Colleague: 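Next up is a structure, given as structure tokens.
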Amino acid sequence: MKALSPQIQEIIAQIREVAEEFGLDFFETIFEPVDYKQMNEIASYGGFPTRYPHWRFGMEYEQLSKSYEYGLSKIYEMVINNDPAYAYLLEGNNLVDQKTVIAHVYAHVDFFKNNYYFSKTNRRMVDEMANHGARIRRYVDRQGIEAVENFIDTCLSIDNLIDYYSPFIERRGEAVDPEELRQREVPKFQAKDYMDEFINPQSFIDQQKERMAQEAEEARHFPQRPERDVMLFLLEHAPLEGWEADILSIMREEAYYFAPQGQTKIMNEGWASYWHSKILTTRILDDSEIIDFADINSRVMSSAPGQLNPYKLGVALFRDIEERWNKGKFGKEWEEVDDLERRDSWDKELGLGREQIFRVRKLYNDVTFIDEFLTEEFASQSNMFTYGYNRKSGHWEIESREFEEIKSRLLDSLTNFGQPFIYVRDGNFRNRRELLLHHKFEGTELRADYAHEVLESIYRIWKRPVSLETMREEKGLLMSYDGVEHKEQNIPYERLGV
Amino acid sequence: MTELNKIKQDHRRFKQIVRGKIKRNLRKYMSQGEITGRQGKDIVKVPLPRIDIPRFRFSQKQQGGVGQGEGQPGDSLGQGEESPGQAGPAGNQEGEHGVEVDVSLEELAEIMGEELELPHIEPKGVKRLETVKDKYSGIRTTGPESLRHFKRTYKAALQRMIASGEYDPDNPIIVPTKEDMRYRSWKQTSLPESNALILYMMDVSGSMGDEQKEIVRIESFWIDTWLRSQYEGIESRYIIHDATAKEVDRDTFFRTRESGGTMISSAYKLALQILEEEYAVDEWNVYLFHFSDGDNWSVDDTGDCMKLMRDGLLPKANLFCYGQVESPYGSGQFIKDINEHFSGHERVIVSEIKNRDGIYDSIKEFLGRGL
């Protein structure tokens with residue numbers, strides 16, 4: 001491992017001190033210098049060079065390397081949520097780049113440490129990933145790379161079917177064993193033979209028996225409530241071999257680890273961008289470096305026409321919140337001001353901005369962040385619009401600049417990462433141990449070819465026919481895969497109370 | 001914590017999967033012409049739309065999104081399959097896009113050879129043409145410092161010092177003197193080279209429509225790819241004909257469309273002339289490909305063709321391949337005539353190509369004998 005140059009070490013110490021003065025609170029952060037090849041390699045592994053072997057990391061590497069060689073992109077920064085945190089600095093970047101990255105990294109690590117949605121993540125993930133890697137390598141030795149990789153592919157195709165909030169909520173008790181229920185006897189009071197008929201009346205016993213039979217019947221339909229964590233359900237109920245079960249559990253664990261990064265992308269990048277600008281422009285840079293900084297910063301904040309850049313949106317929202325709380329542009333009194341001029345000049349000089357953005361970074365995720373702080377004024381100042389696909393023209397077109405539309409479309413695209421909600425509905429479908437999944441339909445249809453392949457993946461795990469309830473063209477649809485062919489049939493679609 | 005070069009293994013694995021994927025879908029790639037349109041100098045871009053991991057996701061065209069910028073409702077943001085930019089952060093979602101992979105022509109030929117079970121060609125003729133290549137494989141005692149071979153220099157010095165008794169194991173200091181210095185140098189190596197000519201002929205009369213020509217275009221790409229992998233030097237030449245024949249460049253070959261009669265003999269004559277004038281039999285491996293829909297002007301002309309083949313073309317060629325592309329207009333007679341005269345001839349191969357799906361089998365027929 002190469003060492004950091006004394007100059008960079010000094011810069012790190014300096015920025016760290018300033019960041020702490022501003023109130024950022026981070027894990028110990030270890031910076032490592034890497035060249036662009038190493039950076040591409042580390043990035044291919046999602047930041048964990050010790051990760052298990054899999055072809056898609058090779059694919060990622062091919063794409064990153066090409067993109068770099070063609071001059072299309074360059075990874076400036078890479079930071080891992082761990083205690084201590086690890087961050088990689090690209091050798092050969094100029095000093096202003098490095099300063100920007102270092103400040104950006106400290107803000108990310110502050111976010112990892114303090115944001116609520118990261119509170120349950122494994123802070124020893126670097127070790128854990130290496131451990132996963134070792135276990136999977138062992139399976140490769142025993143089962144062969146093909147078998148292991150194929151099974152990993154299978155698991156990855158369902159790794160978005162987890163319950164993103166489950167680390168925070170106790171949702172269900174232990175599953176009840178239906179056999180056990182069936183064998184249970186109706187408890188009787190002790191009584192002498194001649195009294196038995198009075199103390200334990202037959203009608204009561206029958207009633208109890210019936211109730212228990214019903215319970216047993218219900219238990220045969222598991223899960224009792226729709227299960228959002230499809231991976232967990234399969235882990236508990238699918239006929240898996242030991243190594244398969246272990247790999248599935250590893251994939252599930254990694255999915256949960258990465259989930260908060262997806263849930264807070266806009267906030268996290270916004271937060272880091274806010275702080276790198278603040279730290280550098282107020283405390284670190286001298287006059288001669290400002291132009292270079294503006295250059296980098298404008299690249300980070302740029303967006304192609306029609307695109308929404310999470311860095312730009314995030315930092316703009318944080319700044320908007322800071323200004324509003326500084327000036328008192330919130331609460332009932334503010335909401336009731338109709339006069340435009342008064343709204344513009346409103347300033348109660350509260351100075352609560354800084355405190356408020358720290359609170360927001362602690363408690364919110366992207367959905368709640370947008371829901372609460374995206375205002376009509378902000379959306380119109382930032383030129384936001386919704387777009388959609390026009391089948392007639394074959395073009396993507398601007399649809400609307402109405403605030404409500406923008407906000408609801410944005411929230412839709414963020415909720416559950418803009419992915420469909422899928423539940424396990426019945427593990428004993430048709431009373432034949434088939435698996436029935438349920439798509440909670442909210443207006444957007446599933447992409448059929450992908451859905452077919454995922455059903456095939458789940459079949460490989462469940463080893464019995466797999467079906468999915470969804471909607472297409474306003475009709476209920478049951479997509480099924482029985483191990484040989486796909487079938488579709490129209491069915492009444494019943495919304496689940498989930 | 002950085003553990004390097006692990007990626008090499010995963011990268012190799014990815015390439016392997018790509019290879020397998022191309023192999024499995026070779027028939028599809030061959031019929032769709034997807035690859036032929038994406039050819040660079042030594043590589044082709046092979047689109048692999050489904051190498052990503054499938055997941056449940058929304059049909060994108062129903063979903064739309066949120067963007068930022070100027071414009072009025074109704075203004076276009078662009079055309080195409082992918083949405084212009086998704087607001088949805090996807091930090092843990094990797095590789096959900098289609099992939100385009102660069103494959104070298106050499107590798108493509110190898111895949112093709114394996115999948116079609118093509119035998120390798122043993123070039124005929126004297127390998128007279130030679131190329132000279134420089135290779136840094138020698139060592140000299142003089143040379144520029146930039147080429148100094150450190151290890152060899154050290155060894156020479158060590159040898160000298162041991163031999164002269166100067167070497168002291170307790171104080172193992174080696175000091176090379178001028179005569180110990182060793183430098184890398186190049187050697188000239190001559191490589192025998194065998195060359196091949198591919199001569200394409202095509203009927204461009206009215207009945208050979210766009211679809212028929214597209215089939216020929218795709219087929220010739222694969223023929224080129226295979227033969228290139230078998231020879232160091234390849235020349236391709238193109239003849240079009242209706243009632244008369246002329247030599248054209250590749251572009252014109254696939255673009256020209258004429259009407260009027262067809263005299264196949266005109267093409268064969270021209271081919272023979274080119275061979276006689278420019279390609280010595282013992283230096284060149286000659287591959288003749290002729291594509292038509294099977295209609296010839298007259299029985300007499302067909303007779304001439306057979307004679308030209310027997311006496312002129314076949315003695316000079318490794319292979320004579322006739323591909324008859326089915327068209328709604330042609331009678332398809334010519335293939336019968338060739339079969340009648342040359343059935344069982346080792347160097348004559350005919351193939352009927354009904355449609356694009358037929359390309360795969362046709363190539364296998366043409367190149368499967370390894371001549």
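The model shown is predicted, which means the values in this text are computed figures rather than measured ones. All chains are named by letter (A, B, ...) in the order of the sequence lines, taking the proteins before the strands, and each is independently numbered beginning at 1.
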Colleague: Of A:Leu437, A:Val466, A:Leu455, A:Val454, which is the lone residue that meets side-chain contact (heavy atoms from CB on, under 4.5 Å) with A:Met479?
Modeller: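 Result: among A:Leu437, A:Val466, A:Leu455, A:Val454, A:Leu455 is the only option passing the side-chain contact (heavy atoms from CB on, under 4.5 Å) with A:Met479.
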
Colleague: Identify which part of A:Tyr45 has an atom lying under 4.5 Å from any heavy atom of chain B, answering side chain, backbone, both or neither.
Modeller: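 The side chain, not the backbone.
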
Colleague: Would you say the side chain of A:Leu313 lies within less than 4.5 Å of the side chain of A:Met384, judging by non-hydrogen atoms?
Modeller: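 Side-chain contact under 4.5 Å: yes.
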
Colleague: Would you mind checking which part of A:Glu402 comes under 4.5 Å of any heavy atom in chain B, side chain (CB onward), backbone (N, CA, C, O), both or neither?
Modeller: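 For A:Glu402, neither part sits under 4.5 Å from chain B.
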
Colleague: Would you indicate whether B:Arg152, at its atom CZ, is surrounded by more than 12 heavy atoms from other residues, nucleotides or ligands within a distance under 6.0 Å?
Modeller: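 Result for CZ/B:Arg152: open.
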
Colleague: Given 3.5 Å as the limit, does a donor-acceptor pair link the side chain of B:Lys6 with the main chain of A:Arg51, or not?
Modeller: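 Checking the backbone N and O of A:Arg51 against the side chain of B:Lys6, a donor-acceptor pair under 3.5 Å is found.
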
Colleague: For the interface with chain B, which of A:Pro260, A:Ala379, A:Ser157 has the highest count of heavy-atom pairs at distances below 4.5 Å?
Modeller: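 Option with the top pair count is A:Ser157.
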
Colleague: Is the A:Tyr61 to B:Phe14 ring centre distance short of 6.0 Å?
Modeller: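 Ring centroids of A:Tyr61 and B:Phe14 are no less than 6.0 Å from each other.
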
Colleague: Please look at A:Ile406 and chain B and tell me whether the side chain, the backbone, both or neither of the residue comes under 4.5 angstrom of a heavy atom of that chain.
Modeller: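 Contact with chain B is through both the backbone and side chain of A:Ile406.
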
Colleague: Could you state the interatomic distance from CD1 (B:Ile17) to CG (B:Asp10), rounded to the nearest 0.5 Å?
Modeller: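 Reported value, rounded in 0.5 Å steps: 9.5 Å.
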
Colleague: Does CD in B:Glu211 sit with more than 12 non-hydrogen atoms of other residues, nucleotides or ligands closer than 6.0 Å?
Modeller: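 Counting neighbours around CD of B:Glu211, more than 12 heavy atoms of other residues, nucleotides or ligands fall under 6.0 Å, so yes.
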
Colleague: Highest number of heavy-atom pairs under 4.5 Å with chain B: which of A:Lys37, A:Glu456, A:Glu146, A:Glu405?
Modeller: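 Max contact count across the listed options: A:Glu146.
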
Colleague: Side chain, backbone, both or neither: which part of A:Glu62 has an atom under 4.5 Å from a heavy atom of chain B?
Modeller: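 Both backbone and side chain.
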
Colleague: Considering only heavy atoms, which portion of B:Glu70 lies under 4.5 Å from any heavy atom of chain A: side chain, backbone, both, or neither?
Modeller: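 Both parts, backbone and side chain.
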
Colleague: Main chain of A:Asn81, side chain of A:Tyr257: is a donor-acceptor contact present, judged purely on distance under 3.5 Å?
Modeller: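 Side chain of A:Tyr257 to backbone of A:Asn81, a donor-acceptor pair under 3.5 Å: yes, one is there.
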
Colleague: Hey, which of A:Asp153, A:Leu468, A:Leu156 has the most heavy atom pairs under 4.5 Å with chain B?
Modeller: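 With the most close heavy-atom pairs to chain B, the winner is A:Leu156.
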
Colleague: Counting heavy-atom pairs closer than 4.5 Å to chain B, which one of A:Pro420, A:Ala448, A:Ala130 comes out on top?
Modeller: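 Of A:Pro420, A:Ala448, A:Ala130, A:Pro420 has the most heavy-atom pairs under 4.5 Å with chain B.
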
Colleague: Against chain B, label A:Tyr52 side chain, backbone, both or neither, depending on which of its atoms sit under 4.5 Å from a heavy atom there.
Modeller: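 A:Tyr52 touches chain B through backbone heavy atoms alone.
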
Colleague: Using non-hydrogen atoms and a 4.5 Å limit, figure out which bit of A:His452 sits close to chain B: side chain, backbone, both or neither.
Modeller: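 Contact with chain B: none, neither part.
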
Colleague: Are there over 12 heavy-atom neighbours, none belonging to A:Lys440, within less than 6.0 Å of that residue's NZ?
Modeller: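 Enclosed.
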
Colleague: Quick check on A:Leu161 against chain B: is it the side chain, the backbone, both or neither that has a heavy atom closer than 4.5 Å?
Modeller: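 Only the side chain of A:Leu161 comes within 4.5 Å of chain B.
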
Colleague: Quick check on A:Lys66 against chain B: is it the side chain, the backbone, both or neither that has a heavy atom closer than 4.5 Å?
Modeller: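 Contact with chain B: side chain only.
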
Colleague: Heavy-atom cut-off 4.5 Å, strictly under: side chain, backbone, both or neither for A:Glu149 against chain B?
Modeller: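 Just its side chain gets close to chain B.
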
